[in-house]
**Q** 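Below: one structure in structure tokens.
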Amino acid sequence: MRRIKPLSVNTGKKPLEVSFSANIIEWHQSNGRHGLPWQRSNDPYSRWISEIMLQQTQVSTVIPYFKRFMKRFPTIGALSSSQIDEVLEYWAGLGYYARARNLWKAAKVIMREHNGVFPDSYEKMIALPGIGRSTAGAILAFSYNQSYPILDGNVRRVLTRYHAIPGWPGKASVLNNLWGMAEQHLPPENIGAYTQGIMDIGAEICLRRRPHCHKCPLANDCLARKEGCPERYPEVKPRSFRRVRATTMLMVQDEVGNILLQRRPSKGIWGALWSFPECFSDKEPEQCLFEQLSLEANVISRWQHLLHSFTHFDLEIHPIQLRLTKSQEVLESRDLVWYKPGSRLGRGVAAPVRRLLKQLQGA
DNA sequence: TACCCGTGGGT
DNA sequence: TACCCAAGGGT
């Protein structure tokens, strides 16, 4: 790899050697990723959608969701004038549903306060719900050619290794240090190629396990490599206790097989998505149903409970199948709906609930 | 600040 | 298997 003579860079802070960014930019030209769906244009809307989807989510998972989403919501206006239920329907299965709710809210803000034009300044961007420092940096770099740093998992890994930075990167002091490094490494030009390049190195070269140091354009000056064990960085998160929550889901059907769904609270797990009504108390499901929804039903069967593991806790789901004892008109509540098996859902349903729904229809 | 938020892939 | 973690942000 060609070495470039270190130069002073004007970033405001103490500059680091410019060879870091220059090597990345040169490497990216012939070795970086260029064919991803959101790389077809620098349109801030599509970059915004992709950056939000890519938060804590792998590229291969995002690709089909991104294509479907952009086809249905091709502009900020299309997104802002849609129903949140349909946005969540297109998001269902991606997880972290606050991202979809914030996307929808931000689209309305952009229409109302920015005349429908995606903002081009860091301050305006970061004021939008769901856009933090890293996402704003990415959009500014890719869509507006403005020199702002990002700090995703890839960049964290590259920087902690290159500088041999100890400590878990989630810790504030370590994170601040990393943001400083990210800022000081910014190139004087080609910010888009640099930003994409450092992520590509993190994703395809500087792997968490068994990194391909022999292919890395930063290997010559990488301190972790000099120490002999790059896998030591970044240090792993301290382990924390995993809790178990239990919930009873009421799978209510009427006499023709329609299934009752209820909108979940807007915060918490699967916020604003639809699922089976839940029985939170220790009361019997029939009584729970009557008290909460004024519905009379009989228990048909109690299904074997299933354990759904999240990052921070396990959810123990107890499904109970019930049937209405007398026919019921359409419920006069917007938080309740009868779902007709086989029809389009038209609303977001979390993956485990969707699986249960399918089982219930087959039963 | 520590915790919350989801789903799927990798080891 | 039981973890860790992924183009993070909100509270």
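Numbered from 1 within each chain, the chains take letters A, B, ... in sequence-line order.
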**Q** Hey, does the Lys NZ or Arg CZ of R99(A) hover above the aromatic six-ring of Y96(A), less than 6.0 Å from the centre and inside 45° of the axis?
**A**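 Checked: cation-pi criterion not met.
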
**Q** Report yes if a donor N or O on one partner sits less than 3.5 Å from an acceptor N or O on the other, where the partners are the side chain of T311(A) and the base of dT7(B); otherwise report no.
**A**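 Under the 3.5 Å cut-off, the side chain and the base do form a donor-acceptor pair.
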
**Q** Taking the P atom in each of dA7(C) and dC5(B), what is the distance between them to the nearest angstrom?
**A**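 That atom pair is separated by 23 Å.
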
**Q** For the rings on Y90(A) and Y65(A), is their centre-to-centre separation under 6.0 Å?
**A**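 Aromatic pair excluded; centres sit 6.0 Å or further apart.
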
**Q** Write down the distance between CZ (R209(A)) and P (dG10(B)), rounded to a whole number of angstrom.
**A**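 Spelled out: CZ on R209(A) to P on dG10(B) is 15 Å.
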
**Q** T57(A) near the nucleic acid: base, sugar-phosphate alone, or nothing, with a heavy-atom cut-off under 4.0 Å?
**A**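 Result for T57(A) = base.
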
**Q** Regarding E316(A) and R245(A), does a basic nitrogen lie under 4.0 Å from an acidic carboxylate oxygen?
**A**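 Judged by the 4.0 Å cut-off on N to carboxylate O distance, E316(A) and R245(A) do not form a salt bridge.
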
**Q** So, is the end of the R243(A) side chain (NZ or CZ) under 6.0 Å from the ring centre of F313(A) and within 45° of the ring's axis?
**A**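 Judged by the rule (NZ or CZ under 6.0 Å from the ring centre, within 45° of its axis), R243(A) is not positioned above F313(A).
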
**Q** Under 4.0 Å from a heavy atom of chain A: give me the 5'-most and 3'-most nucleotides of DNA chain C that qualify.
**A**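 Result: dC3(C) to dG10(C).
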
**Q** Return the 5'-most residue of the pair P129(A), S50(A) with respect to DNA chain C, ranking by each residue's nearest nucleotide.
**A**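 The residue whose closest nucleotide sits nearer the 5' end is S50(A).
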
**Q** Starting at the 5' end of DNA chain C, write a dot or bracket for each base, bracketing those in Watson-Crick or G-U wobble pairs whose two distances are under 3.5 Å and using | for partners on another strand.
**A** .|||||.||||

**Q** May I ask you to say what A138(A) touches in the nucleic acid, namely base, sugar-phosphate or nothing, with a heavy-atom cut-off under 4.0 Å?
**A**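 Contact class for A138(A): none.
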
**Q** Can you tell me the distance, in whole Å, between the CG atom of L207(A) and the P atom of dG9(B)?
**A**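 Value for this atom pair: 18 Å.
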
**Q** Reckon R157(A) touches a base, only the sugar-phosphate, or nothing at all at heavy-atom distances under 4.0 Å?
**A**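 Sugar-phosphate contact only - R157(A) comes under 4.0 Å of backbone atoms but never of a base.
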
**Q** Once you round it to whole Å, what is the distance between P of dG8(B) and CD of Q55(A)?
**A**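 These atoms are roughly 18 Å apart.
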
**Q** Give a yes/no verdict on a cation-pi contact between R47(A) and F142(A), requiring under 6.0 Å between NZ or CZ and the six-membered ring centre and an angle within 45° of the axis.
**A**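 Satisfied, under 6.0 Å and within 45°.
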
**Q** Kindly confirm or rule out a cation-pi arrangement of R133(A) over W179(A), judged by NZ or CZ under 6.0 Å from the six-membered ring centre and within 45° of its axis?
**A**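 Yes - R133(A) lies over the ring of W179(A), closer than 6.0 Å to its centre and within 45° of its axis.
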
**Q** Indicate yes or no for a side-chain donor-acceptor contact from N102(A) to the backbone of P129(A) under 3.5 Å, with no hydrogens or angles considered.
**A**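 No; judged by distance alone, with no hydrogens or angles, the pair does not exist.
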
**Q** With the threshold set at 4.0 Å, does a side-chain nitrogen-carboxylate oxygen contact exist between E86(A) and R344(A)?
**A**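 Looking at E86(A) and R344(A), the cut-off is met.
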
**Q** Would you say W91(A) places a side-chain N or O within less than 4.0 Å of OP1 or OP2 belonging to dG6(B)?
**A**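 Answer is no, no contact under 4.0 Å.
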
**Q** In this structure, how many angstroms lie between the P atom of dC5(B) and the CZ atom of R242(A), rounded?
**A**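 Those two atoms, CZ and P, are 13 Å apart.
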
**Q** Please report, rounded to the nearest Å, how far the P atom of dT7(B) is from the CE atom of M53(A).
**A**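 The answer, rounded to whole Å, is 15 Å.
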
**Q** Donor-acceptor pair, T61(A) side chain versus T57(A) backbone, under 3.5 Å?
**A**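 Answer holds: no.
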
**Q** Sticking with atom P, work out how far dG6(B) lies from dT11(C), rounded to a whole angstrom.
**A**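 Result for the P pair: 13 Å, nearest Å.
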
**Q** Using a cut-off of 4.0 Å on non-hydrogen atoms, how would the nucleic acid contact of P352(A) be classed: base, sugar-phosphate, or nothing?
**A**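 Sugar-phosphate contact only - P352(A) comes under 4.0 Å of backbone atoms but never of a base.
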
**Q** Closer to the 5' end of DNA chain C via nearest nucleotide, is it V236(A) or K267(A)?
**A**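 With V236(A) and K267(A) compared, the 5'-side residue is V236(A).
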
**Q** Which part of the nucleic acid, if any, lies within reach of I150(A) when heavy atoms closer than 4.0 Å are counted: base, sugar-phosphate only, or nothing?
**A**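 No contact at all - I150(A) keeps every heavy atom at 4.0 Å or more from the nucleic acid.
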
**Q** For G93(A), which contact category applies under a 4.0 Å heavy-atom criterion: base, sugar-phosphate, or nothing?
**A**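 Sugar-phosphate only.
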
**Q** Check R210(A) with E231(A), please: is the shortest side-chain N to carboxylate O separation under 4.0 Å?
**A**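 No, no charged N to carboxylate O under 4.0 Å.
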
**Q** Reckon R245(A) has a side-chain N or O less than 4.0 Å from the OP1 or OP2 of dC5(B)?
**A**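 Yes, because at least one side-chain N or O of R245(A) sits under 4.0 Å from OP1 or OP2 of dC5(B).
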
**Q** More 5' along DNA chain B: R99(A) or S60(A), using each one's nearest nucleotide?
**A**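 Whichever sits nearer the 5' end wins; that is R99(A).
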
**Q** With heavy atoms under 4.0 Å as the rule, sort L36(A) into base, sugar-phosphate or nothing.
**A**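 Base contact.
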
